[in-house]
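One structure is given below, encoded as structure tokens.
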Protein chains: 2
Amino acid sequence: MKSSIPPATVGRLPVYLRALLVLEASGAEVVSSAELAEASGVNPAQVRKDLTHLRSSGKRGVGYDVMGLAAEMRKELGFDQRWAVVIVGAGHLGQALATYPGFLERGFDIASVLDADPAKAGMELGDLRVEPLSELGRLCAEREVAIGIICTPADAAQEVAQKLVAAGVGSILNFAPVPLTLPGRVNVRQVDLSVELQILAFHEQRRAEDEAPGP
Amino acid sequence: MKSSIPPATVGRLPVYLRALLVLEASGAEVVSSAELAEASGVNPAQVRKDLTHLRSSGKRGVGYDVMGLAAEMRKELGFDQRWAVVIVGAGHLGQALATYPGFLERGFDIASVLDADPAKAGMELGDLRVEPLSELGRLCAEREVAIGIICTPADAAQEVAQKLVAAGVGSILNFAPVPLTLPGRVNVRQVDLSVELQILAFHEQRRAEDEAPGP
DNA sequence: TGGTGTGAAACTTTTCACAGCT
DNA sequence: AGCTGTGAAAAGTTTCACACCA
């Protein structure tokens with residue numbers, strides 16, 4: 001068991017890596033915590049503390065070795081290998097994610113897009129063809145899929161999640177607006193697009209109330 | 001200035017509200033913190049503490065009044081009014097969001113979808129037509145848009161964000177993988193789809209390392 | 001000199017545990 | 001009897017400030 005990295009830090013590592021890749025491409029050899037912080041939208045002290053969780057390559061008075069740090073981070077994030085991903089749910093969102101260029105760039109290959117609706121199966125999506133949901137087990141096994149993305153309606157999500165787990169998927173990104181109940185060993189991340197907007201609406205609402213104080 | 005609600009709580013209110021709407025529709029009159037917690041995927045104590053931040057309607061030994069609580073929450077989240085939203089960037093993701101049914105259901109109307117690419121302008125999207133980016137100011141003013149969604153490539157996001165702010169937009173949901181630098185009064189939420197997958201990949205990576213211990 | 005590494009402080013969030021009300 | 005409301009403890013996160021070193 002490796003020494004664990006705090007979740008908040010894990011969430012920032014991909015952001016740092018993105019900044020580092022830009023720096024690397026630009027030929028920069030060293031970067032300071034202040035620069036990295038600027039590029040990542042966080043506090044410099046935060047950056048330094050986060051980086052102590054990896055085999056850090058900082059030199060006092062100088063900064064961090066860009067290539068060394070990028071290499072270390074690539075290894076931690078499994079960026080050097082490609083990850084096969086399945087998407088369940090071929091609605092608009094599923095289709096958009098299936099062709100999202102950011103995934104490909106970051107090492108994620110969409111192995112398959114599936115849908116329970118037979119009418120959607122067979123649909124062409126770039127160079128993918130939508131498969132019927134019944135093929136889930138076979139496809140995950142064949143392509144060694146470790147990560148699944150759920151883009152189904154809320155009422156189908158739990159069942160799909162269980163099928164993914166049964167198919168050997170260990171990590172799930174859930175866009176369906178419902179919490180999943182799964183064994184603890186499964187990693188789940190919930191992304192709820194409506195909730196994001198509602199949080200913004202809450203702040204707008206507050207702003208309006210503050211401007212025109214109530215009764 | 002109203003007594004402020006902690007950000008972590010604000011992030012959960014929309015989740016509670018969703019559960020409450022289901023309960024309301026099912027005719028339930030009261031709900032316990034345990035039930036609400038179950039439906040929202042959080043801890044019951046958390047629910048109770050969160051609810052103390054609003055004018056709470058809990059009765060000891062009984063639970064919370066579903067209608068009262070839902071009403072209170074709708075008011076806090078501005079759920080009773082409709083919010084006009086613009087989407088900038090009519091790529092696959094922008095298109096998917098423009099037709100995302102969850103937004104409509106929760107009170108968000110897509111006032112307009114815009115794109116800097118003249119080739120995309122004029123494109124039909126459900127009952128919307130993609131507008132050229134130059135129309136941003138006029139459209140935001142006309143439709144009293146308070147919320148903007150950025151689905152552009154990373155390199156266009158900062159400029160678009162500034163245009164949104166200039167157009168009077170106070171809250172931004174940013175899907176572009178780059179941190180925005182904006183005046184403090186603007187609410188920004190960053191959603192980074194690739195980062196979500198990379199976080200899952202990190203955990204899968206760890207899992208693999210733990211199963212096959214290294215040198 | 002300039003920027004890292006890091007204890008310590010400040011703050012936030014979560015969880016516990018139980019008094020107190022219905 | 002049962003479930004809320006809530007102080008207090010625990011855990012996690014961010015920020016500060018400065019010793020230390022290339």
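Numbered from 1 within each chain, the chains take letters A, B, ... in sequence-line order. Here the structure is a predicted model, which means the values were calculated and not measured.
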Subject >> Ion pair Lys59(B)/Asp65(B), N-O distance below 4.0 Å >> reply: no
**OP:** Identify the two heavy atoms, one from Ile87(A) and one from Cys151(A), that lie closest to each other, and give their separation to 0.1 Å.
**Re:** CG2-SG, 4.1 Å
**OP:** Mind listing the residues from residues 25-32 of chain A sitting with a heavy atom below 4.0 Å of DNA chain D? Number order is fine.
**Re:** none
**OP:** Identify the heavy atoms of Ser171(A) and Arg207(B) that sit nearest to each other, and give their distance.
**Re:** OG-NH2, 4.4 Å
**OP:** Using atom CD of Glu35(A) as one end and atom P of dG3(C) as the other, report the distance to the nearest whole Å.
**Re:** 8 Å
Subject >> Phosphate contact (dG5(C) OP1 or OP2) by Tyr64(A) side-chain N/O below 4.0 Å >> reply: yes
Subject >> Flag for Gln81(A)-Gln205(B): side-chain donor and acceptor within less than 3.5 Å >> reply: yes
**OP:** Test salt bridge (Lys or Arg N to Asp or Glu O under 4.0 Å) on Asp192(B) and Arg18(A) and set out the steps.
**Re:** CA-CA 12 Å; Asp192(B) 198 317; Arg18(A) 176 164 51 224; 2.8 Å; yes
**OP:** Nearest whole angstrom, please: distance from the C1' of dT4(C) to the CG of Asp65(A).
**Re:** 14 Å
Subject >> Distance, nearest 0.5 Å, that separates CD of Gln46(A) from OG1 of Thr9(A) >> reply: 6.5 Å
Original post:
In whole Å, what is the span from the NE2 atom of His53(A) to the P atom of dG5(C)?
Top reply: 13 Å
Original post:
Going 5' to 3' along nucleotides 12-20 of chain D, which nucleotides have protein heavy atoms under 4.0 Å from the base (write B), which only from the sugar-phosphate (write S), and which from neither (write -)?
Top reply: -SSBBB-BB
Original post:
Should Ile150(B) and Phe175(B) be marked as a side chain to side chain contact (heavy atoms under 4.5 Å, CB included) after you check the CA-CA gap, both sets of side-chain angles, and the distance that decides it?
Top reply: CA-CA 6 Å; Ile150(B) 298 178; Phe175(B) 286 90; over 6 Å; no
Subject >> Salt-bridge criterion met for Arg74(A) and Glu24(A) (N-O under 4.0 Å) >> reply: yes
